Amino acid sequence: MTAIPADSAPKDRRRLAVHRVEIGDRIYEILTTACALVVPALVTAIAIAIFAAAWPALTKLSASIITSSDWDVGAGRFGAAPALFGTIVSSAVALVIATPLAIGVAIFLSEFSPRWLRQPVGFLVDLLAAVPSVVYGLWGIFVLIPMLREHVMPFLRDTLHLGATPFFSGAAYGPSMLAAGVILAIMALPYISAVSREVLLAVPRSQREAALALGATRWEMIRDAVVPYAKSGIIGGIMLGLGRALGETMAVTMVIGNRPEISASLFAPGYTMASLIANEFSEATSDLHLSALMAVGAVLFIITLIVNAIARWLVWQVSRERAI
Amino acid sequence: MTATLEHRLPKSRQALQPGTIEARDFSFWYGKKQALNNISLIVPPSSVTALIGPSGCGKSTFLRSINRLNDLIPGIRHEGDLSLDGQSIFDKDLDVVALRQRVGMVFQRWNPFPKSIYDNVAYGARINGVTRSSELDEVVERSLRRAALWDEVKDRLRTSALGLSGGQQQRVCIARALANQPEVLLLDEPASALDPGSTQKIEELVYELKRELTIVIVTHNLQQAARASDHTAFFFSGQLVELGPTDQIFTRPREERTDAYITGRFG
Ligand SMILES: Nc1ncnc2c1ncn2[C@@H]1O[C@H](COP(=O)(O)OP(=O)(O)OP(=O)(O)O)[C@@H](O)[C@H]1O
Ligand SMILES: [Mg+2]
């Protein structure tokens, strides 16, 4: 046996252990901080790149890029108002259709469905989000558009006499703002419904019991205690769906008709900013044309930022209301 | 141990007054787990009955059976009967929603809706179709006065109930329950999360209210049970061990287990 002092080995090991924990903590801290910084850095980099590329068009065309409807590449006129209009209207139509449906699905799944049905139906709804958008586009062309043209549009216009309003009048060609809205609704639905389902399930049992113990029916409980409590989360889900709808390109391009015109009728074809960029980018030859497309991208970027800001604000409003 | 109860069961149904709760051989299961075992007792009207016993002995289960709030839980089952004013609460003709309006409940953790004080208290009236604002104002004021909260909140009725102190929020919940003009008020540890001052307010309130309705209160606080109740029922692992006048239970319990519990030898 060599003469090692009896207590030296454990002491060393302890010192080593302390050292290792410190280094581990430090590495972990650096790694997570780095990850956290990458995201905002990336967003800033993208924003800078877009605005730099859009700059020539923005200075040359200024506001006319969103106020003018005249898009003439040859003449160097780039007015994307119809595309802006189409983006907003198709997304709005999508929300009008998707929101009640998605909330209905979420309420069914969280409140009424038997436990064994919750998983499979929830899974199928989530699956809607996983379908590639080109598949939605194909479905839109081969199933949705014929159905809208043959049945839905005549029904809305003639049977319900909605043709008297400007929104459902005119010829039913098929490719239209309505078709885009319906496709976008289906694509936004799983986002709204998944978020809503989660927040509804997270409503504390004490809130449900409060309503029931006061003699509320199940339906009154949902209406007065569950949904209001989940309101801010549901709004967040709707905004997530809206974000999805605003940026969607492929499926919309396939069904909207790609005609840069502003029409009040949802039966008329339209255009969106995302479609405009996708359609023209590969053929853009002049620098101004490219820059104008970038400017359209910048507008889309700003709109999504505004939507997110509004969402934050709404969620904040609701939660503040609760805290007062 | 049922023998100690026999003398309390009425000879005839006519003896029942409004607000009388009666359990006959009532047993209750969560799935396979039995939570209550052959409970037979009568809660007399216009009085306070305290339910005491160690954690998990079935006090809340019994309380929540009276307004059938346990109905929500999947896999539950019961045997025997519970009745209110002589009518079985499991009667097929009985409307559960109406039952819950006759039997108010206040929970351990105050649970006002994230709405104004006014809207909280008016809730029961509103779902019953009251829309006239003069009528609602009256209900709200009367209920808040009964809950001894009116003076503290009358200037801020339209602000969120969640901005009040815990004790005030609990009294909003009591006012909300009272607005339905129930015959029975069930309180499940209503003060266990409150400071002594608020606890005292709630106890005084219970004392006031018992003149008008039947109160059943679950509490872990034995002094509270001794102070506030007329009758005390001691539950132990799903069984009713002893029920009697509160002073008798606390000074001369008949059962050894009751004695052990109130003197703090277990529980
Ligand atoms: N939802 C439930 N599912 C299954 N078992 C339950 C459920 N609720 C209560 N139990 C069980 O039933 C028994 C009685 O519970 P209960 O809540 O009535 O007790 P308690 O006397 O109110 O206790 P505490 O004083 O802790 O509130 C306990 O063993 C509990 O674990
Ligand atoms: Mg309990």
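Keep in mind that what you see is a predicted model, and the values were worked out from it rather than measured. Reminder, nothing fancy here: chain letters follow the sequence lines and each chain counts from 1.
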Counting heavy-atom pairs under 4.5 angstrom with chain A, the leader among B:Arg64, B:Met105, B:Arg126 is B:Arg64

Donor-acceptor check, side chain of B:Thr214 to backbone of B:Gly19, threshold 3.5 angstrom: yes or no? yes

Give, as side chain, backbone, both or neither, the part of A:Arg205 having an atom under 4.5 angstrom from any heavy atom of chain B.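 Only the side chain of A:Arg205 comes within 4.5 Å of chain B.
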
The test is side-chain hydrogen bond (donor to acceptor under 3.5 Å, both in side chains); show your working for B:Asn128 and B:Gln101 and say whether it passes. CA-CA 10 Å; B:Asn128 280 315; B:Gln101 280 164 7; 3.1 Å; yes

Does B:Lys59 pair with B:Asp188 as a salt bridge, N-O distance under 4.0 Å? no

Can you tell whether the side chains of B:Asp85 and B:Arg102 come within less than 4.0 Å, N to carboxylate O? yes

For a 4.5 angstrom cut-off between non-hydrogen side-chain atoms, does B:Arg68 reach B:Phe90?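 Yes, close enough: below the 4.5 Å cut-off.
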
More than 12 heavy atoms from other groups under 6.0 Å of OH on B:Tyr207: no

What residue pairs, at least two apart or across chains, pass side-chain hydrogen bond (donor to acceptor under 3.5 Å, both in side chains) with a residue in residues 139-148 of chain B? B:Glu141-B:Arg145, B:Arg146-B:Glu212

Which region of [X], side chain (C-beta onward) or backbone (N, CA, C, O), has a non-hydrogen atom less than 4.5 Å from a non-hydrogen atom of chain A, or is it both or neither?
X        : answer
B:Phe107 : side chain
B:Leu99  : neither
B:Val106 : neither

Interatomic spacing from CH2 in A:Trp219 to CE in A:Met221 - rounded to 0.5 Å: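 Output value for this atom pair is 10.5 Å.
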
Counting a contact as any heavy-atom pair under 4.5 Å apart, which residues of residues 176-184 of chain B contact chain A?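 From residues 176-184 of chain B, the residues near chain A are B:Arg176, B:Ala177, B:Asn180.
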
